[in-house]
Protein chains: 2
Amino acid sequence: MKRTGFAKAECPVARALDAIGDWWSLLIVRDAFDGLRRFGDFQKNLGIAKGMLTTRLRTLIELGVLEQVAASDGSAYQEYVLTRRGHDLFPIVVSLRQWGEAHLYARGEPHSVLLDQAGQAVGQLVLPSKSGKPLGWADTKVRKVARRR
Amino acid sequence: MKRTGFAKAECPVARALDAIGDWWSLLIVRDAFDGLRRFGDFQKNLGIAKGMLTTRLRTLIELGVLEQVAASDGSAYQEYVLTRRGHDLFPIVVSLRQWGEAHLYARGEPHSVLLDQAGQAVGQLVLPSKSGKPLGWADTKVRKVARRR
DNA sequence: CGAACTGGTTCTAAAATAGGACTAGACAGC
DNA sequence: GCTGTCTAGTCCTATTTTAGAACCAGTTCG
């Protein structure tokens with residue numbers, strides 16, 4: 001049956017998953033962060049079926065995560081680049097990366113790492129509190145409903 | 001056709017998505033963070049088909065994200081609780097929440113918010129650098145392959 | 001001009017999903 | 001200690017999604 005949607009869910013986590021929580025969308029975004037811009041580049045790098053890629057790119061454009069611009073090399077083709085909203089997905093990609101690095105590799109197994117411009121490995125994402133002390137799961141709670149400013 | 005898997009991908013983002021990047025798994029984890037423990041509670045709260053929930057719980061247990069324990073109320077039933085590995089998913093859930101809050105709600109539309117124990121709204125996740133200045137997308141790069149310690 | 005590249009669309013088979021019907025064991029009331 | 005309800009599933013089917021290959025129209029290269 002048709003996959004259940006959460007587009008109108010009250011919970012922001014559910015809405016985010018409805019928008020970009022499928023197998024391909026975040027990998028396309030990851031590649032876009034890595035500098036890929038062309039249809040063919042995404043298709044080759046991901047090994048995704050072209051039809052899949054077409055529908056995913058369309059959805060991401062509708063969401064305002066990507067936009068289509070004229071190719072930077074002067075050819076008649078188009079490129080797909082991240083919007084502001086797309087760049088805001090950075091923490092999601094990083095958190096997935098850090099969890100994957102920590103829990104999904106056997107010892108000795110090669111994997112990629114995230115570095116800063118100086119070549120230093122970056123630290124863990126932290127959720128800051130007023131006091132500056134990082135917050136963990138047990139330090140937070142959800143207030144069910146609020147009005148958006 | 002059979003969904004393509006990324007379990008053996010070199011990229012940690014791909015592996016993480018392979019493990020928990022489907023529509024339901026992270027919502028189950030979110031509910032577990034909210035304190036839900038019983039099969040029926042997950043099933044009612046999510047509106048998920050029981051068969052779906054069964055397979056998802058099994059996968060999460062195989063991954064070591066959840067574990068089954070004897071019910072806390074003394075009954076003969078079982079409960080599902082987050083492991084250490086499951087708790088480490090907190091930044092992923094929070095980053096999804098924050099992106100959803102920022103981009104997926106119309107003005108005036110009710111939504112839930114994340115608070116600390118004092119009832120203060122929490123800040124944005126940050127990726128700290130050595131200097132303490134938060135890192136953004138343009139400040140990082142990926143080194144392709146490394147050996148795990 | 002013809003060949004190859006780019007960026008798709010269309011088709012099919014297999015697999016995943018949603019949802020309902022069914023069930024076995026636990027537990028509560030009487 | 002019998003009966004009815006609750007819990008936690010399993011099983012089945014219709015529909016949707018996916019992967020992959022074949023096809024195709026413009027664009028660029030030689």
Side-chain angles (χ1 to χ4, degrees), chain A residues 1-9 14 17-29 31-32 35-63 66-81, chain B residues 1-9 14 17-29 31-32 35-63 66-81:
Chain A
M1 285 224 175
K2 191 174 177 185
R3 177 146 45 194
T4 48
F6 308 108
K8 303 176 93 178
L17 287 171
D18 187 67
I20 46 128
D22 70 275
W23 300 87
W24 291 115
S25 295
L26 281 172
L27 290 176
I28 293 169
V29 169
D31 278 359
L36 271 58
R37 307 166 67 99
R38 296 283 279 258
F39 185 95
D41 293 336
F42 290 114
Q43 202 258 316
K44 261 175 289 182
N45 192 56
L46 293 169
I48 185 177
K50 289 167 161 194
M52 281 283 89
L53 182 55
T54 302
T55 63
R56 286 308 189 285
L57 288 173
R58 256 198 256 292
T59 308
L60 290 171
I61 287 168
E62 272 171 38
L63 280 168
L66 293 178
E67 63 182 338
Q68 253 181 325
V69 301
S72 50
D73 62 0
S75 73
Y77 299 115
Q78 298 274 300
E79 295 183 345
Y80 299 90
V81 298
Chain B
M1 283 223 174
K2 190 175 177 184
R3 179 145 48 193
T4 49
F6 309 107
K8 303 177 92 178
L17 287 171
D18 187 67
I20 46 125
D22 71 276
W23 301 85
W24 290 115
S25 296
L26 281 172
L27 290 175
I28 294 168
V29 169
D31 278 0
L36 270 58
R37 306 166 68 99
R38 296 284 279 259
F39 185 95
D41 293 336
F42 290 114
Q43 202 258 315
K44 260 174 288 183
N45 193 56
L46 293 169
I48 186 177
K50 289 166 161 194
M52 281 281 90
L53 182 55
T54 301
T55 63
R56 286 309 189 284
L57 288 173
R58 256 199 255 291
T59 308
L60 289 171
I61 287 168
E62 274 171 35
L63 280 169
L66 294 178
E67 63 184 336
Q68 253 181 326
V69 301
S72 50
D73 62 1
S75 73
Y77 299 115
Q78 299 273 302
E79 295 182 345
Y80 298 90
V81 299

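For the numbers below, each heavy atom of this structure counts, side chains included, while hydrogens, waters and symmetry mates do not. Below, chains carry the letters A, B, ... as their sequence lines are ordered, and counting in each starts from 1.
Atom CD in A:Q68 sits about 17 Å away from atom P in C:dT6, given to the nearest Å. Taking atom CG of B:L46 as the reference point, atom C1' of C:dT17 lies 15 Å away to the nearest angstrom. Nucleotide D:dA8 holds its C1' atom 16 Å from the CE atom of B:M52, rounded to whole Å. One can place CZ of A:F39 at 6 Å from C1' of C:dG7, the figure rounded to the nearest angstrom. One can place CG of A:D22 at 11 Å from C1' of D:dT18, the figure rounded to the nearest angstrom. In this structure, the CG atom of B:L53 is 16 Å from the P atom of D:dC11, given to the nearest Å. Rounded to whole Å, the distance from CZ on B:F6 to P on D:dA19 is 8 Å. One can place CD1 of A:I48 at 10 Å from C1' of D:dT18, the figure rounded to the nearest angstrom.
Residue contacts shown for A:Q78 are limited to sugar-phosphate atoms, with no base heavy atom under 4.0 Å away. Using a 4.0 Å heavy-atom distance criterion, B:F42 is classed as making no nucleic acid contact.
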Legend entry - Full working for side chain to side chain contact (heavy atoms under 4.5 Å, CB included) between B:T4 and A:M52: CA-CA 12 Å; B:T4 49; A:M52 281 283 89; over 6 Å; no
Inset, instruction - Walk me through it: do B:F42 and B:I48 pass the test side chain to side chain contact (heavy atoms under 4.5 Å, CB included)? - result: CA-CA 8 Å; B:F42 290 114; B:I48 186 177; 5.8 Å; no
Inset, instruction - Starting from the C-alpha separation in whole Å, work towards a yes-or-no answer on side chain to side chain contact (heavy atoms under 4.5 Å, CB included) for B:L53 and B:I28. - result: CA-CA 9 Å; B:L53 182 55; B:I28 294 168; 3.8 Å; yes
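For B:W24, a side-chain nitrogen or oxygen approaches OP1 or OP2 of C:dA18 to under 4.0 Å. The phosphate of C:dT17 (OP1 or OP2) has a side-chain N or O of B:R56 nearer than 4.0 angstrom. For B:R38, no side-chain nitrogen or oxygen approaches OP1 or OP2 of D:dT7 to under 4.0 Å. Contact check, A:R58 against C:dT9: a side-chain N or O comes under 4.0 Å of OP1 or OP2.
Of all heavy-atom pairs between B:A70 and B:Q78, the closest is CA-NE2, 4.3 Å. For A:S25 against A:I20, the heavy-atom pair with the smallest separation is CB-O, 3.8 Å. Closest of all the heavy-atom pairs between B:L36 and B:D41 is CD2-O, 3.7 Å. When all heavy atoms of B:D18 and B:G5 are compared, the pair lying nearest together is OD1-CA, 3.4 Å.
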Each nucleotide N or O in nucleotides 23-30 of chain D that has a protein N or O under 3.5 Å away: list the pair and distance.
| from | atom 1 | to | atom 2 | distance (Å) |
| --- | --- | --- | --- | --- |
| D:dG26 | N2 | A:Y77 | OH | 3.4 |
| D:dT27 | O4' | A:Y77 | OH | 3.3 |
| D:dT28 | OP1 | A:A76 | N | 2.5 |

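The side chain of B:T4 sits closest to D:dA19 out of C:dG8, C:dT6, D:dA19. Closest contact between the side chain of A:K2 and the listed nucleotides D:dT18, D:dT16, C:dG7 involves D:dT16. Counting only heavy atoms from C-beta on, B:R3 has its side chain closest to D:dA19 among D:dT10, D:dA19, C:dA18.
Using bins of under 30°, 30° to 60° and over 60° for the plane-to-plane angle, the ring pair A:W24/B:F6 lands in the perpendicular bin.
In this structure, the helix from C:dC1-D:dG30 to C:dC30-D:dG1 shows an angle of 30° between the axis at its start and the axis at its end, each fitted on 5 base pairs and rounded to 10°.
A donor-acceptor contact closer than 3.5 angstrom links the side chains of A:Q68 and A:Y80.
Both A:Y80 and A:W23 sit near DNA chain C, but only A:Y80 has its closest nucleotide nearer the 5' end.
Scanning for salt bridge (charged side-chain N to carboxylate O under 4.0 Å, His left out) contacts around B:D22 gives B:R56, with sequence neighbours left out.
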